[in-house]
Amino acid sequence: MRFGKKGKLSLRFVGPYRIQSKNSNVAYELDFPAILVSIHPVFHMSMLRQCLPDISKSIPVDEVEVNIPIKFLDSQVQRLRNKDVVSIKVLWRNHDFEEATLEAEEDMKKRYPHMFKGSGI
C-alpha cells in the first residue's frame, strides 16, 4: 500500500502501534485499528522503529491516507527473454496525472480485483 503525502514530503513513519505477536525472529504482527484494515499487518523488524515517548512525533490515524487506485490510464507490454510483462499506468487517489505510476498488472489484479471486472485492460 502507499501512504498519502503530508505536505511536500511523503510519510516516513506511521504509528505507534502495539506488537500483537512475534511470528519469527525477524517478523512482527502489529495491532492496527479498523481504518487500516487494508494494510498487511506483518512487518520485518527492519521496517519498525522503537516507539518514542514524545507523542508530538507520531502521526494520528486520522491524518493517514491510504492511496487506492482511481483508474488505469494506460497499459504497455515489456518483452523479456522468455515472457511478456504487462504494466499498467495507475492514477492514485490524491495524486496528479504526473504522479501516476507503472505497476505490474498481475500485482494489481491480486490487490484490486474489483477494478478489472468489465474492464478492457
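As the structure is a prediction and not an experimental result, all values here were calculated from the model.
When all heavy atoms are compared, the tightest approach of Phe32 to Pro41 is CE1-CA, 3.8 Å. Counting all heavy atoms, side chain and backbone alike, Met115 lies closest to Ile70 at CE-O, 3.5 Å.
Listed by chain and residue number, Asp107 satisfy the side chain to side chain contact (heavy atoms under 4.5 Å, CB included) test with Ala104 (two or more places apart in sequence, or in another chain). Remark: Ser24 pairs with Val26, Ala27 by the side chain to side chain contact (heavy atoms under 4.5 Å, CB included) rule, at least two apart or across chains. Legend: residues meeting side chain to side chain contact (heavy atoms under 4.5 Å, CB included) with Asp84, ordered by chain and number and at least two apart, are Val77, Arg79. Residues forming a salt bridge (charged side-chain N to carboxylate O under 4.0 Å, His left out) with Arg18 (at least two apart in sequence, or on another chain): none. Every residue meeting the side chain to side chain contact (heavy atoms under 4.5 Å, CB included) condition with Lys89, not counting sequence neighbours, appears here in chain and number order: Leu73, Asp74, Ala100, Leu102.
Counting non-hydrogen atoms of neighbouring residues, nucleotides and ligands closer than 6.0 angstrom, the CD atom of Gln76 exceeds 12 such neighbours.
Grouped by direct or indirect side-chain proximity (heavy atoms under 4.5 Å, Ile/Leu/Val/Met/Phe/Trp/Tyr only), Leu80 sits with Val85.
Residues Phe43 and Ile19 share a hydrophobic cluster, clusters being chains of Ile/Leu/Val/Met/Phe/Trp/Tyr side chains in contact below 4.5 Å. Linking Ile, Leu, Val, Met, Phe, Trp and Tyr whenever their side-chain heavy atoms come within less than 4.5 Å puts Leu48 and Ile39 in one cluster. At a threshold of 4.5 Å between side-chain heavy atoms, the hydrophobic network of Ile, Leu, Val, Met, Phe, Trp and Tyr places Val42 and Met47 in two separate groups.
Atom CZ of Phe72 is separated from atom CD1 of Ile88 by 5.0 Å, given to the nearest 0.5 angstrom. Note: Gln78 CD to Lys83 NZ = 11.0 Å, rounded to the nearest 0.5 Å.
Using a 4.5 Å cut-off on side-chain heavy atoms (C-beta onward), Glu99 and Trp92 make no contact.
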